[in-house]
Amino acid sequence: MNYWLMKSEPDVFSIDHLAALPGKKSSWEGVRNYQARNFMKQMQIGDQAFFYHSSADVIGIAGIVRITGLAEPDLFALDKKSDYHDPKATKDKNPWVSVTVTLVRKFKKVITLAELRETKGLEKMLVLQRGMRLSVHPVTEKEFKIVSEMAK
DNA sequence: GCCAACGTTGGC
DNA sequence: GCCAACGTTGGC
């Protein structure tokens with residue numbers, strides 16, 4: 001069982017959008033970075049991930065989701081009308097994948113980046129590292145537990 | 001809107 | 001394969 005952090009711009013897709021969907025379930029598409037994609041391929045059913053709001057009024061971790069569907073081809077890459085279209089992707093050679101996530105818990109209050117920075121034990125958390133832009137990346141079990149406790 | 005820190009592209 | 005130019009991410 002592994003833990004992850006997944007970034008989304010809440011203007012595009014927020015934790016409230018997810019909560020409003022049938023089954024509180026959605027595919028997670030549009031990742032167009034190979035390193036992030038490789039992490040998505042490693043995800044297993046039951047893994048948990050932080051839902052992170054980036055480029056927002058309140059930046060930080062908004063809640064927890066569970067991986068309920070393994071990586072499969074991200075068909076938005078083939079859709080010319082999609083913002084996620086990749087002109088180099090074809091049906092036979094589509095490098096991009098999406099996974100399915102289901103909401104576990106929305107935090108009462110977003111745990112902000114500033115709060116994360118002030119918390120002991122999270123010093124090495126990847127999202128806090130300088131220049132860290134990966135939209136999908138791993139979180140340690142220890143970090144996952146500390147942040148989960150903060151949200152109680 | 002600025003800009004640091006990356007990732008990608010393309011000429012050579 | 002190198003690397004300059006360009007594009008993107010994302011905090012501030």
Side-chain angles (χ1 to χ4, degrees), chain A residues 2-21 26-43 47-67 69-101 103-140 142-151:
Chain A
N2 289 303
Y3 301 96
W4 311 94
L5 182 145
M6 302 172 86
K7 297 182 188 172
S8 181
E9 296 189 21
D11 289 347
V12 179
F13 187 71
S14 72
I15 199 161
D16 288 324
H17 289 127
L18 177 61
L21 291 173
S26 174
S27 65
W28 195 279
E29 65 267 348
V31 171
R32 296 292 175 265
N33 170 285
Y34 285 98
Q35 250 184 297
R37 178 209 65 178
N38 291 342
F39 286 132
M40 288 175 87
K41 284 185 168 183
Q42 289 173 31
M43 289 179 176
D47 282 0
Q48 295 188 83
F50 288 134
F51 193 127
Y52 181 90
H53 283 175
S54 63
S55 300
D57 289 342
V58 183
I59 293 163
I61 296 172
I64 295 170
V65 298
R66 190 180 298 280
I67 306 304
L70 295 175
E72 56 187 350
D74 180 351
L75 300 179
F76 287 88
L78 308 176
D79 180 356
K80 287 200 176 83
K81 281 172 277 181
S82 169
D83 286 343
Y84 301 136
H85 179 239
D86 176 2
K88 282 185 292 190
T90 64
K91 195 161 168 263
D92 293 329
K93 249 194 156 182
N94 179 0
W96 306 117
V97 300
S98 64
V99 295
T100 305
V101 301
L103 183 64
V104 171
R105 177 154 83 101
K106 178 192 165 184
F107 294 162
K108 283 178 193 143
K109 190 179 140 299
V110 172
I111 298 177
T112 66
L113 240 200
E115 285 165 345
L116 294 172
R117 288 192 196 287
E118 287 166 6
T119 303
K120 250 192 144 186
L122 299 183
E123 293 83 2
K124 293 195 176 152
M125 203 172 173
L126 286 175
V127 77
L128 304 181
Q129 305 309 308
R130 198 177 142 83
M132 181 60 204
R133 303 189 309 174
L134 267 187
S135 62
V136 176
H137 63 249
V139 170
T140 68
K142 189 178 131 205
E143 289 160 355
F144 191 87
K145 282 183 175 159
I146 291 172
V147 176
S148 299
E149 281 298 314
M150 289 168 73

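Lettering follows sequence order; numbering is per chain, from 1.
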Worked verdict on A/Ile64 versus A/Arg66 for side-chain contact (heavy atoms from CB on, under 4.5 Å): CA-CA 7 Å; A/Ile64 295 170; A/Arg66 190 180 298 280; over 6 Å; no
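Applying the side chain to side chain donor-acceptor pair (under 3.5 Å) rule to A/Asp16 yields the partners A/Lys106; only residues at least two apart in sequence or on another chain are considered. Under the rule for a side chain to side chain contact (heavy atoms under 4.5 Å, CB included), the partners of A/Phe13 that lie at least two apart in sequence or sit in another chain are A/Ser8, A/His17, A/Leu18, A/Leu21, A/Ser26, A/Trp28, A/Phe51. Listed by chain and residue number, A/Glu141 satisfy the salt bridge (Lys or Arg N to Asp or Glu O under 4.0 Å) test with A/Lys145 (two or more places apart in sequence, or in another chain). For A/Glu29, the side chain to side chain donor-acceptor pair (under 3.5 Å) test picks out A/Ser27, with sequence neighbours left out. Residues passing the side chain to side chain contact (heavy atoms under 4.5 Å, CB included) test with A/Leu128, sequence neighbours excluded: A/Leu113, A/Leu116, A/Arg117, A/Leu122, A/Met125. Partners of A/Val97 by side chain to side chain contact (heavy atoms under 4.5 Å, CB included), not counting sequence neighbours, listed by chain and number: A/Arg37, A/Met40, A/Lys41, A/Ala71. Every residue meeting the side chain to side chain donor-acceptor pair (under 3.5 Å) condition with A/Asp86, not counting sequence neighbours, appears here in chain and number order: A/Trp96.
Looking only at distances, no side-chain donor or acceptor of A/Asn94 sits under 3.5 Å from a matching main-chain atom of A/Leu75.
DNA chain C lies under 4.0 Å from at least one heavy atom of each of the following residues of residues 47-57 of chain A: A/Tyr52, A/Ser54, A/Ser55. Residues from residues 35-43 of chain A lying near DNA chain C, meaning a heavy-atom separation below 4.0 Å, are absent.
The nearest whole Å value for the distance from the CH2 atom in A/Trp96 to the P atom in B/dT8 is 7 Å. Rounded to whole angstrom, the span from the CZ atom of A/Arg32 across to the C1' atom of C/dT8 amounts to 14 Å. Taking atom NZ on A/Lys7 and atom P on C/dT8, their separation rounds to 17 Å, with Å as the unit.
Ring pair A/Phe76/A/Tyr84 is perpendicular by interplanar angle, where above 60° counts as perpendicular and below 30° as parallel.
Legend: side chain to side chain donor-acceptor pair (under 3.5 Å) pairs involving residues 54-63 of chain A, not counting sequence neighbours: none detected.
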Quick one: which protein N/O atoms are closer than 3.5 Å to N/O atoms of nucleotides 9-11 of chain B? Pair and distance per line, please.
{"from": "B/dT9", "atom 1": "OP1", "to": "A/Lys88", "atom 2": "NZ", "distance (Å)": "2.6"}
{"from": "B/dT9", "atom 1": "OP2", "to": "A/Lys88", "atom 2": "NZ", "distance (Å)": "3.4"}

Dump every N/O contact between nucleotides 3-6 of chain C and the protein below 3.5 Å, one line per pair.
none

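Atom-to-atom distance recorded for A/Asp47:CG and A/Asn2:CG is 5.0 Å, nearest 0.5 angstrom.
Looking only at side-chain heavy atoms (C-beta outward), A/Val101 and A/Ile67 come within less than 4.5 Å of each other.
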